[in-house]
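Below is one structure, written out as structure tokens; the observations come after it.
Scope of the values below: all heavy atoms of this structure, side chains included, with no hydrogens, waters or symmetry mates. In what follows, chains are A, B, ... by sequence order, proteins preceding strands, each numbered from 1.
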Amino acid sequence: MAPERRPRAFAPSPLTRAFFDRSALQVAGDLLGCRLRRVLPDGTVRMVRLVEVEAYVRGDPANHAFRGMTPRNRSMFLGPGHLYVYRIHQVHCANLTTRRGEAVLLRAGEPLTPGLKNPSGPGRLARELELTRADDGRPLARPFLSVLPREGPSPVSLRGPRIGISRGTERPLRFLVEGSPWVSAPRSGRKAPRRRSTPGPSFRSRRPRG
DNA sequence: CTTCAGATTATCT
DNA sequence: GATAATCTGAAGT
């Protein structure tokens, strides 16, 4: 008897495609506060609430796709709603693709299921969700990986400069949930990121839609 | 083929 | 606050 296998999607659903087929900037803002559900090959469910993301857009020198398609970034050209995972310094970082050549980097999440340790920081988040380069290019679809709507009201979000890049730092393409203790700290591996006393002047607050 | 910088993090002072 | 770890992808010669 062949072992039971879960169905494997070859493309995102139409709804998923529609959600992601926009600019990374817009998707990033809408993604904040949504839940990300990962189902491991053995069926284990791991879910986080996204509290920090970054948009990588067209004409953006920090975007891996800035100079067109390469073997490394080919997943960013598969169409909206795919996973783009790259590796840096022996660490994996996961993105969700939006429009062609654009993507949203998943930087931090609030753990919603037992077993998740510290999904704060892109490397830790990808690790906790067990997303590696082997998952690069996979469509965002069940059961593998799904984005679920926000629960309750929209969070108060902040926008500010992105982290860890040397070019394109002037644009406020980093989105975070104000007050979340799971937001990553710019230059520290702390478990409990120090809360900035007050958002800097470069940060812009955005009220919940209501 | 060689060089080099990098969307990070753990660990040390 | 500063730096090593560790190695791939991409650009340069």
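In this structure, A:L125 and A:R167 both approach DNA chain B, and ranking their closest nucleotides by distance from the 5' end singles out A:R167.
As rounded to whole Å, 14 Å separates atom P of C:dG9 from atom OH of A:Y86. B:dA7 atom P lies 19 Å from atom CG of A:L131, rounded to whole Å. Atoms NE2 (A:H64) and P (B:dA5) sit 15 Å apart, rounded to a whole Å. A straight line from CZ of A:F66 to C1' of B:dA7 spans 15 Å, rounded to a whole angstrom.
The main-chain N or O of A:W182 is found under 3.5 Å from a side-chain atom of A:S120 such that the two form a donor-acceptor pair. With hydrogens and angles disregarded, a donor-acceptor distance shorter than 3.5 Å links the side chain of A:N95 to the backbone of A:Y84. A donor-acceptor pair under 3.5 Å is formed between the side chain of A:T113 and the backbone N or O of A:M47. Here the side chain of A:R38 pairs a donor or acceptor atom with the backbone of A:L129 at under 3.5 angstrom. When atom types are taken as modelled, the side chain of A:N63 and the backbone of A:V57 share a donor-acceptor pair closer than 3.5 angstrom.
Residues A:R46 and A:P119 fail the side-chain proximity criterion, which asks for heavy atoms closer than 4.5 Å.
For the pair A:R58 and A:F66, the cation-pi test (distance below 6.0 Å, angle within 45°) is failed.
When the nucleotides B:dT8, B:dA10, C:dG9 are ranked by their closest atom to the side chain of A:R124, B:dA10 comes out on top.
Between A:S166 and B:dA5 there is no side-chain polar atom (N or O) within less than 4.0 angstrom of OP1 or OP2.
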Return the polar atom pairs (N/O with N/O) between nucleotides 4-8 of chain C and the protein under 3.5 Å, or none.
unit_1	atom_1	unit_2	atom_2	d
C:dA5	N6	A:H89	NE2	3.0

What does the list of N/O pairs under 3.5 Å between the protein and nucleotides 11-13 of chain C look like, with a distance for each?
none

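No option in A:R107, A:E52, A:E54 other than A:R107 meets the side chain to side chain contact (heavy atoms under 4.5 Å, CB included) test with A:P122.
Within 6.0 Å of atom CZ in A:R133, more than 12 heavy atoms from other residues, nucleotides or ligands are found, so the atom counts as buried in its surroundings. More than 12 heavy atoms of other residues, nucleotides or ligands shown are found within 6.0 angstrom of CZ on A:R22.
Nearest heavy-atom pair across A:P111 and A:L116 is CB-CB, 3.7 Å.
B:dA5 and C:dT3 are spaced 16 Å apart, taking the P atom of each and rounding to whole Å.
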- Secondary structure string for DNA chain B (Watson-Crick or G-U under 3.5 angstrom, | for other-strand pairs): ||||||.|||||.
